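Sharing a structure below in structure tokens format, with a few things to ask.
In this text, all values refer to a predicted model and were calculated from it rather than measured experimentally. All residue numbers refer to positions in the sequence shown, counting from 1.
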Amino acid sequence: MSWLPLSFGEPMVLWGLLALPVIWWLLRLTPPRPQTEVFPPLRILARVLRREETPQQSPWWLTLLRLLMAALIVAALAEPVFNPREKLPAEGAALALVIDNDWASAADWGKRVATAERLIADANSNGVPVLIAFTAEKPNAEIGPFDAAAALDRLRAAKPRPIPTDRPAVYARVASALESLPGASVAVLADGLAAQGDEAAFNTLLSKNAARVVWAVSDRLSLTGLTGADNQVDGFALTAIRAPGDPAPAQVTAGAFDDKGRRIADATLTFAPGGTTATSTMAVPFELRNDFAYIALDGERQAGAVRVLDESSKRRRVGLLSQAEADQAQPLLSPLYYIRRALQPFADLVEPSSVDLADAIPQLLDQKPAMIVMADVGTIPEQARRRLVDWVDKGGTLVRFAGSRLAAAGNDDDLLPVRLRTGERSLGGALSWTAPQPVTEFPKTGPFADLAPPTEVTVTRQVLAEPTPDIVERTWATLADGTPLVTGMKKDKGTLVLFHVTPEATWSNLPISGSFVEMLRRIVQLSRNQGAAVANAEAAATSLAPYRMISADGTLVPPTPDARPLVPGAGPQPVTLENPPGLYGSETGVFAHNLLVGDSAFTPLARPEITVPVTTIQYAFGEQRNLKGPLVTAALVLMVLDTLAVFWMGGLLSRRPRRAGAAATAAVLLIALGALIGHADVARADDAKPGDTEAIGDISKTRIAYVLTGEPGIDSISRAGLEGLTRFLIEKTALEPGAPAGVDISKDELSFYPLIYWPIDPSAPMPSEAAIARVDAYMQQGGTVLFDTRDQFANGIGADSTSPATERLRDILGNLNVPPLEPVPSDHVLTKSFYILPEFPGRFAGSPLWVEASLEASNTENRPVRTGDGVSPIMITANDFAGAWAVDENGDPLLPTVPSDPMQRIYALRAGVNIMMYMLTGNYKSDQVHVPVLLERLGQ
């Protein structure tokens, strides 16, 4: 029986309400017990003429109270439910729950579990068993049938996995189990994404023994994922995708994080109306890009929105060097032409301004390259040679190409991987008996092991290596006759590589082949930090152990027990339960295994053609509320009120009772108070005005505020800075401020905060006149605003500066009643309110801190502290205080100081402590100079 939005589990009990008139009649005929009086009898006689001893009937209000109590009890026994839901078709021989628990279900997994719990509850009420299967679990996982309790246990133990679904295998198992349970109900709780093999999977599941189907879907497919993050020349190129069908434009923000989880870069990707792909570039220096460990989309709590990066995503600076002048008329004959074309897509190339090796080599080394490529460089000057050898020993990678100069230069054991024979070897010439030699299979121990040998490449000339016992170990590529084409060796921490042919297509056509590009890319990988371990692992095709995994909600976690080693291959590897997305390898090198590939797309799952009855439901939490408990509680409260009313009418509360009676009455009052406290709280909540709770929270603790500029980067630094200052205050002083508060000066109440930090940014909107007037009133009423232009290296506030931040500050101050200002004098209270400070640096140093000028203050030798009442309503700096104070969740600094000096950050935090002590104590420190005079007057 249902009367929306109210239903009753036992509606027949409501017939008991018909007894209310009879109860009314009985209550009216049963008056309360008359009052009793104690001697003296004269008092009884004095009042007997004015009051009835026994009323004829119960008062109307007491009768109404008792009727209401009876009605509440009857209603509670009828099992009332507010906002009831319709019962789902979980009946028949069994209920088969097929649930997608892949990465796409992680964002709203709680709703899916709540929906499945309701289905199991309905199956339990119908007395049917439950089969429960998850499409992202092991294929051999048990699926039932179970009773309702066991099914609930399995449901609550399940969790989303960071892998795609395997519907064909799981649906086939469920269909096989339903063969013995004809007429079952099948509930499909899908993630909304189409996958390969869906049509056959649904045909298998629904074509046999399914009497009815429950189809659960999300409101809309709102997933966004990252399919590409490529480190290009000008920045990190990002590609994101979303499901089709959304006509509105959308923006998502991607953040780049280092291996400690610190955010170090941002980019915004914009989807056009109806578009499914968005691209953007993180234009940051490549040194910073090399610190990227993973990139994640903000607000997307699923594995598809995270992309981990390995060494192949990091760029390195490569220096190019040649003794030959570039021929502009014939660029194809330039020694560095093909090398530039091969390296430019994945490295930052630098070249010296001089061809003189004595100047060129130091110029390259000063730019700290990871690798240097020398195209036919002969004898190296001794001073430059010593620096080059030291660079290789410390980890540099030197790649050399042969030529006539190298062949004539002689051997150099410190800068060549093998000893060379004098002169060159010519193959296939008119005076030669040999033919041009092709390239054979690459050695299995080298970095080119998994590359296919270039069948089109032949060599006509080369420099030969002297045969030595270790020549085989140092050979990375060979010709068909067994002579080395590429040799390499480790030298201390560095690497030496020699191509035994020239870098232009004169001795060989290798430079114009695709293999040349891939070979140089592999060598660049070797030049990177920890790159050798991963490169060799890939080359040998060995398995890489799980290192850090991406969980279903998009966070990096330790490897799960199900994860197994990954064997990298030539193409993208499938994401499975044994090989979930994440990083594989070790601290010495990792391999990135991501969920989405470059051609991934989000295709909405279409409901298949179903011949049996279908019920479509939405994922949602249960909203029904059982009212039996509240109604019984209300009846008990009325019962307590009835008891108190009877005591009062009987006179027990109007005269002094005996001690035992007083104790009983006190107990009843306490019970009544406990029963009514909830209603009193509701009444107080009803009497409260909007904003009262926030106001009480704002004034319960001292809080520092910052102005919300509307620029997310500036506001986040302001908040992180004030959080860092708050931590320092709690650690170093007795003050324990609350969390920093961001305020909108146009509408928020400012009087709650003793200090407001205002970072000036010219790109932020200019405050309105009304907002500036509110700030002016705040300053006039005793508050202080700390303006920070953060432009110390753009002339600062004190000079005739025309920086945009300074100009914006002048525009704001032009509408305020600003007193005369002066830099903080050496004897000002601010210099000694807590710490002794000669200056007030921030992230930058050098700009003074401007405060209200103390024009009439005297400063004698007896008064080291300046006089004058009040606190400066305005402070101005250009040193970027918040940038110096800003810390992350672990308490580590977010931004470096300029110059990089750890003590400068300490002094900046001390400056913040002095400012807060000055704000909270006023001229208390200044007044201390009067103590000797006061003690003298008091005769002490």
Are Asn101 and Trp109 side-chain neighbours, meaning at least one heavy-atom pair lies under 4.5 Å? yes
Ring centers of Tyr294, Phe257 separated by less than 6.0 Å: yes
With sequence neighbours left out, write down each residue that passes ring-ring contact (aromatic ring centres under 6.0 Å, His included) with Tyr547, or none if nothing qualifies. none
Once you round to the nearest 0.5 Å, how far does CZ of Arg242 lie from CG of Leu269? 12.0 Å
Report the distance from atom CD of Glu199 to atom OG1 of Thr204, rounding to the nearest 0.5 Å. 10.5 Å
So do the side chains of Leu152 and Phe146 get within less than 4.5 Å of each other, counting heavy atoms only? no
Nearest heavy atoms of Leu119 and Ala187, plus distance in Å: CD1-CB, 3.8 Å
Distance col, row Asp599:CG vs Thr239:OG1, nearest 0.5 angstrom, shows 12.0 Å
Quick check: are there more than 12 heavy atoms from other residues, nucleotides or ligands sitting under 6.0 Å from CZ of Arg301? no
Salt-bridge contact Arg112-Asp191 (side-chain N to carboxylate O under 4.0 Å): no
Taking 4.0 angstrom as the limit, do Asp562 and Arg161 come out as a salt bridge? yes
Parallel, tilted or perpendicular: rings of Phe442 and Phe448 (30°, 60°): perpendicular
Apply side chain to side chain contact (heavy atoms under 4.5 Å, CB included) to the pair Val130 and Arg154, showing each step before the final yes or no. CA-CA 11 Å; Val130 178; Arg154 290 185 173 272; over 6 Å; no
Output for pair (Phe602 CZ, Thr224 OG1), nearest 0.5 Å, gives 7.0 Å
Should Pro164 and Leu595 count as side-chain neighbours, where that means a heavy-atom distance under 4.5 Å? yes
Donor-acceptor pair, Asp198 side chain versus Ala195 backbone, under 3.5 Å? yes
Salt bridge flag under 4.0 Å for residues Arg167 and Asp100: yes
Would you say the side chain of Leu309 lies within less than 4.5 Å of the side chain of Ile295, judging by non-hydrogen atoms? yes
Taking C-beta and beyond as the side chain, do Asn579 and Gln573 meet within less than 4.5 Å on heavy atoms? no
With Val614, which residues qualify under side-chain contact (heavy atoms from CB on, under 4.5 Å), at least two apart? Val213, Trp215, Arg607, Ile610, Thr616
Measure the spacing between CG of Asp166 and CD of Glu137 and express it to the nearest 0.5 Å. 11.5 Å
Just verifying a value: how many Å separate Arg564 CZ and Leu544 CG, rounded to the nearest 0.5 Å? 15.5 Å
